[in-house]
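A quick write-up on the structure given underneath.
Since the model is a prediction, treat every value here as computed from it, not as a measurement. Chain letters run A, B, ... following the sequence lines, proteins first, then strands; residues in each count from 1.
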Amino acid sequence: MSDTDNLCFDATKIDKLQELREHGVTAYPYTFERKDTVREIRERFAGIGHEKSAEEVSTAGRIYVVRQHGKTIFADMGDSDGKIQLYLRKNDLGEEQFDLFRQYIDAGDIVGVVGHVFRTKMGEITIWVDRFELLTKSICPLPEKFHGLKNVEARYRQRYLDLIMNEDSRETFRTRSRIISLLRQFLFERDYLEFETPTLQPIYGGANARPFTTHHHALDQKLYLRIAPELYLKRLVVGGFDKVFEIAKNFRNEDIDTNHNPEFSMVEIYEAYRDYNDMMDLTEGIFSYLVEEVHGKITCSFAGHDLDFARPWRRLTMEEAVREYAGIDIHAHSVEELRAFGLAHCVEGSESAATRGEFLALFFDHFGEKHLIQPTFVYDFPIENSPLAKKHREKEGLTERFELFIAGMEMANGFSELNDPLDQKARLEAQDAKRRRGDLEAQMIDYDFINALGYGMPPTGGVGIGIDRLVMLLTGKESIKEILLFPQMKTASPGQNEPEPGQNNGEE
RNA sequence: GGGCCUGUAGCUUAGUUCGGCAGAGCGACGGACUCUUAAUCCGUAGGCCAAGGGUUCAAAUCCCUUCAGGCCCGCCA
């Protein structure tokens with residue numbers, strides 16, 4: 001495969017680079033003494049008039065547009081949080097430097113400038129450049145200055161270019177960074193400890209999902225990329241850390257769509273001596289704090305919905321949700337009647353479901369989820385699909401588990417953590433039996449985890465919050481690809497995904 | 001897995017209905033211009049119309065296959 005299939009280098013720009021070197025110009029110097037950012041200059045000189053400032057400024061950034069006017073040049077330069085106009089004159093720079101800029105500095109290049117600030121006749125705050133230095137020569141053409149980079153696929157595949165060109169995209173990822181930072185701050189202020197647990201796991205667990213597999217050569221052992229950090233974080237609670245959390249990348253071998261990426265971020269939080277009611281309170285606290293910090297108010301709009309995060313939020317049991325949205329009382333009917341109801345309404349899975357609990361979950365998924373627009377906790381899940389949640393203290397066949405729904409999306413999942421080692425052993429054995437029967441999403445038995453419970457885990461509440469969906473919500477982006485810097489995309493050009501000769505690609 | 005839609009120059013796109021020389025703007029390159037800002041003016045180059053096959057005197061356009069992407073549904077937390 002030739003270079004030109006993969007590279008967008010511009011022959012003219014490479015020629016310019018070569019000529020610059022012949023002129024003794026260093027195209028890729030090592031440093032530049034930047035004393036001011038664009039934002040600082042804009043703030044400090046907000047009141048500047050047409051007279052040049054006495055004070056000298058020194059800043060650096062990427063050139064976006066060059067407007068040549070014979071013996072003067074205007075250019076727009078931007079750094080990570082702003083753009084500013086440059087003004088260069090042949091009189092000031094001297095013929096040699098001026099011609100160097102005119103000939104060789106293009107949109108896309110990164111330069112450092114030293115000069116004074118003034119406001120042009122048209123009112124634009126501008127740096128009157130005394131001297132400049134090429135800091136990085138760009139040899140790829142920049143997209144068009146006015147329309148920018150719009151092509152969705154190119155924006156995802158070449159995110160760096162998207163970020164260079166689209167301020168809206170930069171703003172989205174600034175917000176993402178801020179959300180994660182605020183989340184940490186919220187938890188640190190409440191004395192939670194942040195830990196990192198293994199991503200490569202010999203036994204996967206903590207969720208129902210199909211894992212990615214890999215192989216460790218020296219150990220000659222199969223390993224899985226984690227589908228959840230849950231079982232390791234609970235070991236920490238057993239070990240005596242009462243308030244822990246992890247912001248974890250999880251990996252699930254599933255299809256990709258507007259709400260799912262194979263690797264995604266989640267915060268999982270565990271706290272001893274708390275139950276699922278406390279974790280619902282905590283979840284409310286986190287979301288309402290973030291909404292208020294990011295939006296400056298307790299509401300936000302998403303996908304055409306006006307969402308109100310003022311506490312307390314609606315809480316209803318799964319039975320109540322099914323009664324309200326499916327119009328059927330689970331307990332008033334036999335399993336046969338429930339099946340007939342399910343079949344009549346084309347509820348997926350109705351043929352094989354065998355218990356009230358299974359029908360409860362099926363009916364909720366079918367009728368309930370899409371109606372839950374305003375923040376709503378649904379709680380008390382059937383035991384059948386909650387192998388890590390504690391049995392309900394009063395209700396037979398249910399667990400103390402909740403999920404949070406906002407705008408029809410599942411945003412969080414938590415429970416009173418199962419800490420009875422014998423119960424946990426039985427439930428994981430049941431999962432493993434399903435797995436051996438071919439259920440690709442059922443869990444394995446982690447005996448070491450069961451053993452840890454055997455030493456005694458205090459009563460514990462836990463919750464996992466999907467960070468990507470949280471960021472979608474707070475940035476108003478309806479596709480997960482818009483809020484992931486590098487969403488998973490199928491390899492575009494043939495040959496790029498093939499293993500190097502003589503190497504094992506690590507797949508099982 | 002199913003449905004709908006998209007792919008034309010570096011970027012943004014017209015042309016596809018109804019087959020008839022592949023067009024524009026920006027960008028690039030050369031030239032003019034000392035307060036412009038989507039600068040302006042003059043000139044030049046740049047295309048295997050996603051890939052492959054078919055129908056036709058003639059295909060960007062019609063048909064088939066493939067690739068990549070978007071949206072919706074299914075599966076999935």
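Not a single donor-acceptor contact under 3.5 angstrom links the side-chain atoms of A/H147 to the base of B/rC11. Between the base of B/rU12 and the side chain of A/N151 there is no donor-acceptor pair shorter than 3.5 Å.
Here B/rC18 sits opposite no nucleotide as a Watson-Crick or G-U wobble pair (both hydrogen-bonding atom distances under 3.5 Å). The partner of B/rG10 is B/rC26, by the rule that a Watson-Crick or G-U pair needs both atom distances under 3.5 Å. Using N1 to N3 plus N6-O4 or O6-N4 for Watson-Crick, or N1-O2 and O6-N3 for G-U wobble, each under 3.5 Å, B/rA50 pairs with B/rU66. Across all strands shown, B/rA32 is found opposite B/rU40 as a Watson-Crick or G-U wobble partner, with both distances under 3.5 Å.
Closest to the A/M489 side chain, of the nucleotides B/rG10, B/rC33, B/rG70, is B/rG70. For A/Y156, the side-chain atoms get nearest to B/rG70 when compared with the rest of B/rU34, B/rC26, B/rG70. Closest contact between the side chain of A/R67 and the listed nucleotides B/rG70, B/rU36, B/rG74 involves B/rU36. Proximity note for A/T72 (side chain, C-beta onward) versus B/rU36, B/rU34, B/rC11: the nearest is B/rU34. Residue A/E254 places its side chain closer to B/rC76 than to any other of B/rG70, B/rG74, B/rC76. For A/K490, whose side chain is taken as the heavy atoms from C-beta onward, the closest listed nucleotide among B/rC75, B/rG69, B/rG30 is B/rG69.
Using P as the reference atom, B/rU8 and B/rC62 are 16 Å apart when rounded to the nearest Å. Using C1' as the reference atom, B/rG46 and B/rC4 are 36 Å apart when rounded to the nearest Å. Straight-line distance between the P atoms of B/rC26 and B/rU40: roughly 7 Å, to the nearest whole Å. Nucleotides B/rU12 and B/rU65 place their P atoms 29 Å apart, quoted to the nearest Å. On the C1' atoms, B/rC29 is 7 Å away from B/rA45, given to the nearest whole Å. Separating the P atom of B/rA22 from that of B/rG47 is a span of 14 Å, rounded to the nearest Å. Between B/rU56 and B/rG10, the distance separating the two P atoms is 34 Å to the nearest Å. Separating the P atom of B/rC18 from that of B/rC5 is a span of 15 Å, rounded to the nearest Å.
Between the CD atom of A/E348 and the C1' atom of B/rC73 there is a distance of 11 Å, given to the nearest Å. Per the geometry, CD1 belonging to A/I14 stands 16 Å off C1' belonging to B/rC29, to the nearest Å. What separates CG of A/N253 from P of B/rC75 is a distance of 18 Å, to the nearest Å. The NE2-P distance, from A/H69 to B/rU37, rounds to 7 Å in whole Å. Between the CG atom of A/D162 and the P atom of B/rG70 there is a distance of 14 Å, rounded to whole Å. Distance, A/K16 NZ to B/rG27 C1': 11 Å, rounded to whole Å. One atom, CD of A/E441, and another, P of B/rC75, lie 12 Å apart when rounded to the nearest Å. Rounding to whole angstrom units, NZ of residue A/K137 and C1' of B/rA28 are separated by 12 Å.
Contact annotation for A/D257: base contact, defined as any heavy-atom pair under 4.0 Å involving a base atom. Among the protein residues, A/G464 comes within range of no part of the nucleic acid, since none of its heavy atoms lies under 4.0 Å from any strand. A/Y87 comes within contact range of at least one nucleobase, with a heavy-atom separation under 4.0 Å. Within 4.0 Å of A/K83, counting heavy atoms only, lies no atom of the nucleic acid at all. Within the 4.0 angstrom heavy-atom criterion, no nucleotide atom of any strand lies near A/E482.
Taking the six-membered ring where the residue is Trp, the centroids of A/H345 and A/F367 are separated by under 6.0 Å. Aromatic ring centres of A/Y379 and A/F402 lie farther apart than the 6.0 Å criterion allows.
Of all the residues in residues 109-129 of chain A, A/F118, A/T120, A/K121, A/M122, A/E124, A/W128 reach under 4.0 Å from RNA chain B with at least one non-hydrogen atom.
Two residues, A/L149 and A/K13, neighbour RNA chain B, and the one matched to the more 5' nucleotide by heavy-atom proximity is A/L149.
Checked by atom type, the side-chain pair A/E263/A/N250 shows no donor-acceptor distance below 3.5 Å. There is a side-chain donor-acceptor pair under 3.5 Å between A/S386 and A/R401. A side-chain N or O of A/D130 and one of A/H116 form a donor-acceptor pair less than 3.5 Å apart.
An OP1 or OP2 oxygen of B/rU12 is reached within less than 4.0 angstrom by no side-chain nitrogen or oxygen of A/K150. Residue A/T258 places at least one side-chain N or O closer than 4.0 Å to OP1 or OP2 of B/rC72. Taking only side-chain nitrogens and oxygens, A/R210 never comes nearer than 4.0 Å to OP1 or OP2 of B/rC76. Contact check, A/K71 against B/rA32: no side-chain N or O comes under 4.0 Å of OP1 or OP2. For A/S479, a side-chain nitrogen or oxygen approaches OP1 or OP2 of B/rC71 to under 4.0 Å.
Closest approach of A/T197 to A/P229, counting heavy atoms only: OG1-CB, 3.7 Å.
Test A/E196, A/E268, A/E230 against A/E246 for side-chain contact (heavy atoms from CB on, under 4.5 Å) and you get one pass: A/E196. Of the listed residues (A/D10, A/D106, A/D109), just one forms a salt bridge (charged side-chain N to carboxylate O under 4.0 Å, His left out) with A/K16, and that residue is A/D106. Checking A/W313, A/F415, A/F405 one by one against A/F377, the ring pair (Phe, Tyr, Trp, His ring centres under 6.0 Å) holds for a single residue, A/W313.
For the pair A/K137 and A/Y28, the cation does not sit on the ring face, since its NZ or CZ is not both under 6.0 Å from the ring centre and inside 45° of the axis.
Atoms CD1 and CZ, from A/I227 and A/F251 in turn, are 12.5 Å apart once rounded to the nearest 0.5 Å.
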